[in-house]
Amino acid sequence: MLRREFLKAGGAIIIGFQLNAQTRTPVAGPPNANQIDTWLAIHADNTATFYVGFAELGQGNSTALLQIAAEELDLGLDQLSTINLDTHVTPNQGGTYSSASIARGGPQVRTAAAEARQALLKMASAQLGAQVDQLTVARGIVSGGGRTVTYGALIGDKQFNLAFTGNAPVKKPAEYKIVGQRPARKDTPAKVNASYAYLQHARIPGMLHARIVRPRGQRAYGAGAKIVSVNEASIQNIPGARVLRKEDFLGVVANTEWDAVKAAQQLQVTWDNTPSLPAFDKLFTQMRAEKTEDRIVLERGNLASANAAHTVTRVVRGPYQMHAPFAPNGALADVKADSALIITSSQDVYATRQQLARVLGLTQQQIRVQYAEGAGTYGHSCYDDCAQAAALLSQLAGKPVRLQFMRHDEHGWDLYGPAHIGECKATADAQGKLTSYEYHGWQHNWANVETSEQLTGVAAAERPGAAAAQVSPLNLGSMYVIPNLKLVNHKVSVQGYLRGAWLRSPLDLSFSFASEQAIDHLAFELGLDPYEFRKRNMTDVRWLGVLDAVAQAAKWTPRKPYANPSNANLVTGRGIGLGTHLQSWGAAVADIEVNKQTGKVRAKHMYGALDAGQVVNPGIVEAQITGQLVQTVSRLLLEEVKFNETGVTTLDWNSYPVLRFDECPEVTPVVVQRLTERSSGAGEETMAAASAAMANAFFDATGVRMEEYPLTPARVLAALKKK
Amino acid sequence: MATIRVNGRQREVPSAPDTPLLYVLMNDLELKGPRFGCGLAQCGSCSVLIDGVETRSCVTPLRSVGSKSITTLEGLPADNPVSRAMTAEQAVQCGYCFNGMIIKATELLSKNKKPTEPQIRTAMKGHLCRCGNYPRILRAIQRAAGVVNA
Ligand code: FES
Ligand code: FES
């Protein structure tokens with residue numbers, strides 16, 4: 001029997017969701033982060049709810065953050081739960097991106113829990129008549145002076161009314177009982193028995209089903225999608241179906257989902273199809289020729305002075321790639337004259353609320369945004385666009401709506417990870433010491449206005465350059481000791497290209513595809529083992545740690561790249577690489593196989609080592625590394641957004657293939673645990689290394705350096721032919 | 001009104017006969033197992049068993065179901081070996097693809113009690129996992145089959 005739970009939210013009843021925040025009255029947030037009550041509530045039954053400001057995106061942070069809280073509170077993990085993000089309930093800890101949940105959120109959760117424990121012990125001391133330092137706690141039961149009392153009995157469902165100072169002492173890593181262990185994820189049981197409520201299961205009574213109507217495949221950012229004419233009569237055979245429009249923003253609503261799908265398919269619209277994009281095969285030439293905004297990101301020494309016994313130059317091109325979440329985004333909206341409720345899979349409910357206020361003409365305080373998990377998003381997929389579209393359609397319809405993006409909406413109107421051109425030049429002396437390194441990168445910034453808002457007449461705009469949108473000093477050269485170095489960012493204007501945003505490990509796969517191939521090729525020219533060559537040029541213990549860990553896991557034995565050229569059709573190669581995102585340390589080894597006749601590349605075994613400082617749950621991080629390695633194989637071998645001058649043409653899983661079960665490599669994830677170090681990100685930091693390892697394995701197998709990925713059969717055959 | 005047989009019960013559903021079964025299960029019956037992923041029979045998100053055969057409900061019109069027996073994820077025993085193994089292997093990330101993964105693996109094991117690794121990979125290749133969990137899902141299916149030690 002289907003279990004139904006109800007949640008009262010802004011007057012609407014949401015079906016299928018856990019009872020959210022039963023202990024607090026919803027008011028427009030964010031709640032005051034300087035109050036202990038904002039962070040947690042202890043219930044009478046001696047359990048606790050922790051209000052975490054990070055979204056469970058499938059990465060497991062809802063388990064790991066509770067491990068931290070349980071540790072400091074001396075509660076069992078089973079006694080703690082958390083709730084879905086809600087701008088009327090949960091604190092604003094910033095967005096759930098840059099792998100920041102544990103790095104940025106962990107310390108807040110830890111100190112809030114420690115401070116709550118301190119307050120609870122004070123209460124227990126008074127109750128038990130024993131000094132605080134004579135009390136012990138296990139599973140929320142305080143013992144002292146021969147008696148016990150539970151947290152629940154001390155404060156059960158009442159407020160602490162205490163300022164959160166952040167001053168309570170936290171436990172030392174040596175005392176940890178829960179942090180660093182591998183308890184099972186709390187969300188797994190519901191996810192394998194069909195009781196988990198994804199966004200796609202949320203319903204608002206009285207709602208209509210909605211679909212957006214746009215040309216299939218986005219045009220250039222800024223070009224919008226201009227409507228020439230709409231024939232509303234073309235859907236009049238569908239009872240109850242309505243066309244809704246605001247300027248070029250167009251959608252349909254109907255009473256049933258199938259009617260909405262049919263109406264969107266059937267509606268006759270004439271679009272202005274003026275070409276707005278570069279021809280697909282001209283993309284990189286055009287980008288490289290643009291007048292760019294140039295900035296030296298990092299410079300030291302003097303490139304010209306370097307001893308350049310060996311010089312290697314690599315020029316590489318990385319494609320636009322898409323998030324392509326397994327399920328396209330959806331959103332529900334109930335917009336009234338003076339209030340709005342929006343349910344979304346946003347990575348940042350407070351940022352989503354801010355944009356919605358602009359789109360709807362309401363204040364932020366009038367809007368309540370609730371998070372519900374969808375399929376893993378891996379960066380800024382269409383969630384904001386979809387939330388805005390749902391909100392606009394509800395406003396236009398005067399009724400609550402449930403909007404589901406179709407596969408072609410999500411594939412075609414995503415904010416893609418931008419294309420990149422990298423030019424890397426590295427030199428070494430005759431002894432195998434790196435002497436200089438130069439990197440020039442071309443790409444455009446991310447888009448700042450969502451498509452829905454843009455179609456209502458708001459001009460496209462560029463998002464101010466985020467660190468992850470430009471040449472990365474951490475991923476380019478920082479792992480090596482290089483006396484002379486220069487990194488230059490060449491920013492291309494965003495207008496006239498595809499809409500861009502952060503995609504898991506933004507730009508890093510392209511950076512390391514260029515950079516680590518250059519380093520590897522120096523090893524080749526020097527006749528050195530690429531692992532040994534790297535070690536010779538490194539002193540940082542964290543980088544050395546992951547390099548050694550991955551070499552050990554892969555049973556690396558000394559070898560020279562492409563040492564045994566083979567005439568066979570099927571050749572194998574092994575490569576190694578380093579890389580990361582904006583924090584942490586990653587290393588990878590790839591074993592691949594290349595069929596020189598068909599051009600088909602297969603990854604056989606991927607090894608990835610990650611040092612993310614203190615890892616709260618190594619099991620969860622191993623799953624993260626596994627996913628990163630598999631996704632990197634997919635992105636290196638298969639993934640490429642294609643377009644013609646009118647629009648994007650990769651609109652489903654056939655035209656934009658991703659790695660499937662039968663081609664998945666064996667994977668060995670390695671966590672380099674450093675319990676006494678600060679936690680840093682673990683959601684994306686082995687991907688750059690894996691990209692490099694694959695490129696280097698390809699050279700090892702074939703003696704050819706690839707200049708562009710994905711390594712599709714056509715591209716591989718062309719490169720082998722050129723050799 | 002049509003009547004269909006879902007998880008062992010006769011259910012009356014108001015949807016029109018051309019409605020894809022997925023929407024009937026999700027909206028009329030409020031089931032959470034089969035779920036939308038592509039609507040194109042490309043991803044396996046919407047899979048159900050129809051008379052024991054894994055079927056993409058997103059492209060199966062209601063009218064074609066007739067009196068056949070539909071089993072969704074909620075219709076499998078709560079402690080079915082595949083779900084249990086997925087938990088034991090901690091195979092789940094976002095978990096959205098697990099409806100299809102569990103349904104497909106259940107079908108496979110009903111036909112082939114001890115599948116080899118290549119047989120598992122081939123059987124599962126119509127089911128995408130964007131989170132890249134294939135290695136753990138593979139181990140879980142082997143565990144459910146008793147091919148590797150539990
Ligand atoms: S939703 Fe049916 S196969 Fe993708
Ligand atoms: S677990 Fe996320 S798609 Fe498979």
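Proteins come first, then strands; the chains are lettered A, B, ... in the order of their sequence lines, and each starts at number 1.
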Quiz prompt | Contacting moiety of B:Phe98, where chain A heavy atoms sit under 4.5 Å | solution = side chain
Quiz item: Taking all atoms of both residues into account, what is the closest heavy-atom pair of A:Ala194 and B:Glu74, and its distance?
Solution: CB-OE2, 3.7 Å
Self-check item: Choice from B:Leu40, B:Thr72, B:Leu73, B:Val82 maximising heavy atom contacts with chain A below 4.5 Å
Solution: B:Leu73
Quiz item: Which heavy-atom pair separates B:Tyr96 from A:Gly374 by the least distance, and what is that distance?
Solution: CD1-C, 4.2 Å
Quiz item: Atom OG1 in B:Thr19, atom CD in A:Glu257: separation rounded to 0.5 Å?
Solution: 10.5 Å
Self-check item: Minimum-distance pair of heavy atoms, taken over all atoms of B:Pro135 and A:Pro665
Solution: CG-O, 4.2 Å
Quiz item: How far does CZ of A:Phe661 sit from CG of B:Leu128, to the nearest 0.5 angstrom?
Solution: 11.0 Å
Quiz prompt | Heavy-atom pair count under 4.5 Å with chain A, highest-scoring of B:Cys97, B:Gly39, B:Gly33, B:Ala16 | solution = B:Cys97
Exercise. Give a yes or no on whether the backbone of A:Cys664 and the side-chain of B:Arg121 come within a donor-acceptor separation of less than 3.5 Å.
Key: yes
Self-check item: Contacting region of B:Leu76 [heavy-atom separation from chain A under 4.5 Å]
Solution: neither
Quiz item: Are any of the side-chain heavy atoms of A:Asn193 and B:Ser83 separated by less than 4.5 Å?
Solution: no
Quiz item: Could you give the distance from CD (A:Glu666) to CG (B:Leu138), rounded to the nearest 0.5 Å?
Solution: 9.5 Å
Practice problem: Please look at B:Asp18 and chain A and tell me whether the side chain, the backbone, both or neither of the residue comes under 4.5 angstrom of a heavy atom of that chain. | Solution: both
Quiz prompt | Top contributor to chain B contacts, counting heavy-atom pairs under 4.5 Å, from A:Asp259, A:Leu57, A:Ile620, A:Thr626 | solution = A:Thr626
Quiz item: Which atom names give the shortest non-hydrogen contact between B:Arg130 and A:Val658, and what distance separates them?
Solution: NH1-CG1, 3.5 Å
Practice problem: Kindly give the heavy-atom pair with the smallest separation between A:Val261 and B:Tyr23, and that separation in Å. | Solution: CG2-OH, 3.6 Å
Quiz item: Among A:Thr256, A:Val633, A:Val667, A:Asp652, who wins on heavy-atom pairs under 4.5 Å with chain B?
Solution: A:Asp652
Quiz item: Heavy-atom distance under 4.5 Å to chain B: side chain of A:Thr377, backbone, both or neither?
Solution: neither
Quiz prompt | Contacting moiety of B:Ile102, where chain A heavy atoms sit under 4.5 Å | solution = side chain
Quiz item: Non-hydrogen atoms of chain B under 4.5 Å away: do they reach the side chain of A:Val192, the backbone, both or neither?
Solution: both
Practice problem: Determine whether more than 12 heavy atoms belonging to other residues, nucleotides or ligands lie under 6.0 Å from atom CZ of A:Arg660. | Solution: yes
Self-check item: Greatest number of heavy atom pairs closer than 4.5 Å to chain A - which of B:Gly132, B:Cys94, B:Gly37, B:Pro14
Solution: B:Cys94
Quiz item: What's the spacing between A:Gln631 CD and B:Cys129 SG if we round to 0.5 Å?
Solution: 9.0 Å
Quiz item: Taking B:Gln93, B:Met26, B:Glu117, B:Met86 one by one, which has the highest count of heavy-atom pairs under 4.5 Å against chain A?
Solution: B:Gln93
Self-check item: Interface moiety of A:Ala324 toward chain B, non-hydrogen atoms closer than 4.5 Å
Solution: both
Quiz item: For the candidates A:Lys262, A:Gln404, A:Gln200, which exhibits the highest count of non-hydrogen atom pairs separated by less than 4.5 Å from chain B?
Solution: A:Gln200
Quiz item: Out of curiosity, A:Glu622 CD to B:Gln90 CD, how far, rounded to the nearest 0.5 Å?
Solution: 11.5 Å
Self-check item: A:His411 portion near chain B, given a 4.5 angstrom heavy-atom threshold
Solution: neither
Self-check item: Any side-chain heavy-atom pair of B:Cys131 and A:Phe326 under 4.5 Å
Solution: no
Quiz prompt | Nearest-0.5 Å distance that lies between atom OH in A:Tyr198 and atom CG in B:Asn99 | solution = 9.5 Å
Exercise. Side-chain contact test, heavy atoms from C-beta onward, threshold under 4.5 Å: evaluate it for A:Trp258 versus B:Ser15 and give yes or no.
Key: no
